[in-house]
Amino acid sequence: MYRAIIIIPNENELNVGVYCKQLKENEFHGLGVKIFSNRNKLEITAESLGLEDDEYPGYVWQSCLASKGHAVICIGDCEPIINYLPHIISDNQYKWFLENQKLFTNRKEDLSYIVFDREENILENGSIHNKTDVIISMYECLARINNLEESEDLKL
């Protein structure tokens with residue numbers, strides 16, 4: 001079984017390259033967030049999330065990183081591609097999504113996205129269950145949130 005995580009950092013918050021990690025079958029996507037956070041001293045820890053060490057429930061780790069401005073993509077061959085998006089997408093993040101549309105187009109029946117604000121509240125979510133064409137909805141959402149300023153209202 002193939003599992004991986006991709007993190008596209010907001011270059012205005014953290015000047016590092018895109019992080020990709022292939023996960024073992026028994027590893028959780030949250031582990032990739034933990035490694036990325038540790039490597040870049042982001043202070044996202046099990047303790048800061050109110051979790052036990054090596055606990056990776058649901059999307060707790062991913063939503064925290066997205067709320068800090070970084071896009072997180074969780075991939076698995078037996079599960080949907082889930083995009084955890086910050087409420088403001090930087091130019092480099094937007095460019096990455098445009099350059100990698102094929103990744104999402106090939107799996108558009110198994111695609112979902114969630115947009116988080118700085119407090120980890122869900123602002124928008126889309127999947128095949130609530131959007132007729134989720135890939136179009138996701139790219140429309142990305143276009144809306146590209147280059148928004150922190151003081152602007154998010155019009156979703």
Side-chain angles (χ1 to χ4, degrees), residues 1-100 103-104 107 110-127 129-130 134 138-139 141-142 144-154 156:
M1 183 165 89
Y2 178 78
R3 294 170 57 81
I5 187 166
I6 302 170
I7 299 172
I8 304 99
N10 179 327
E11 72 278 7
N12 301 314
E13 304 283 331
L14 183 64
N15 191 15
V16 297
V18 172
Y19 172 79
C20 300
K21 177 170 177 42
Q22 186 169 347
L23 302 166
K24 296 176 183 165
E25 189 172 330
N26 62 342
E27 291 180 327
F28 296 95
H29 290 107
L31 175 63
V33 174
K34 179 180 180 179
I35 293 169
F36 179 82
S37 176
N38 290 346
R39 186 177 287 170
N40 294 291
K41 298 174 179 43
L42 298 180
E43 300 179 6
I44 301 173
T45 64
E47 183 179 352
S48 74
L49 297 172
L51 303 171
E52 299 294 323
D53 284 339
D54 297 325
E55 186 179 11
Y56 305 102
Y59 59 82
V60 174
W61 291 86
Q62 296 91 315
S63 63
C64 183
L65 190 58
S67 73
K68 295 184 181 305
H70 311 291
V72 181
I73 303 165
C74 297
I75 301 169
D77 57 3
C78 296
E79 54 198 52
I81 292 179
I82 304 174
N83 297 281
Y84 299 89
L85 305 172
H87 73 286
I88 297 174
I89 292 286
S90 70
D91 289 340
N92 283 350
Q93 289 171 319
Y94 189 58
K95 181 180 174 186
W96 188 94
F97 277 96
L98 292 176
E99 290 173 350
N100 291 278
L103 169 69
F104 306 110
R107 297 270 307 273
D110 286 329
L111 178 66
S112 65
Y113 67 94
I114 308 169
V115 180
F116 293 92
D117 67 13
R118 290 254 180 224
E119 287 78 42
E120 297 182 49
N121 297 309
I122 296 174
L123 299 175
E124 180 175 342
N125 66 47
S127 72
H129 304 292
N130 69 352
V134 69
M138 185 178 85
Y139 275 91
C141 176
L142 287 165
R144 281 194 311 273
I145 62 180
N146 181 13
N147 282 329
L148 283 179
E149 298 296 325
E150 197 66 45
S151 62
E152 289 185 80
D153 288 333
L154 185 60
L156 296 174

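All residue numbers refer to positions in the sequence shown, counting from 1.
K21 is listed as a side-chain neighbour of L23, based on a closest heavy-atom distance under 4.5 Å. Here the side chains of R3 and E27 are not in contact, with every heavy-atom distance at 4.5 Å or above. At a threshold of 4.5 Å between non-hydrogen side-chain atoms, the residues I81 and I73 count as touching.
Atom OH of Y19 is separated from atom CG of L65 by 11.0 Å, given to the nearest 0.5 angstrom. To the nearest 0.5 Å, the span separating CG on L49 from CD on E55 amounts to 9.5 Å. Annotation: the span from C64 atom SG to I44 atom CD1 amounts to 4.0 Å, rounded to 0.5 Å. The line from OG of S112 to CG of N83 is 7.0 Å long, rounded to the nearest 0.5 Å.
Closest heavy-atom contact between P9 and V16: CG-O, 3.3 Å. Between Y139 and F97, the shortest heavy-atom contact is OH-O, 2.6 Å. What you find for I7 and G32 is that their closest heavy atoms are CD1-O, 4.1 Å.
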Next item on the list: Output, in order, the C-alpha distance, side-chain angles, deciding distance and verdict of side chain to side chain contact (heavy atoms under 4.5 Å, CB included) for V115 and C141.
Entry: CA-CA 9 Å; V115 180; C141 176; 3.6 Å; yes

Notebook entry, point to check: Hey, mind stepping through W96 and I89 against side chain to side chain contact (heavy atoms under 4.5 Å, CB included) and telling me if it holds?
Noted result: CA-CA 11 Å; W96 188 94; I89 292 286; over 6 Å; no

Item checked: From CA spacing to verdict: side chain to side chain contact (heavy atoms under 4.5 Å, CB included), I75, R107 -> CA-CA 10 Å; I75 301 169; R107 297 270 307 273; 4.2 Å; yes

Next item on the list: Could you go through the side chain to side chain contact (heavy atoms under 4.5 Å, CB included) check for L31 and I5 one step at a time?
Entry: CA-CA 9 Å; L31 175 63; I5 187 166; over 6 Å; no

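W61 and Y56 have tilted rings, their planes meeting at an angle from 30° to 60° on a 0 to 90° scale.
Enclosure of atom CZ in F104 by more than 12 non-hydrogen atoms of other residues, nucleotides or ligands within 6.0 angstrom is indicated. Atom CZ of F36 sits in a crowded spot, with more than 12 heavy atoms from other residues, nucleotides or ligands closer than 6.0 Å. Environment of NZ in K68: sparse, with no more than 12 heavy atoms of neighbouring residues, nucleotides or ligands closer than 6.0 Å.
Note on E11 versus K95: no salt bridge recorded, every NZ/NE/NH1/NH2 to OD/OE distance being 4.0 Å or above.
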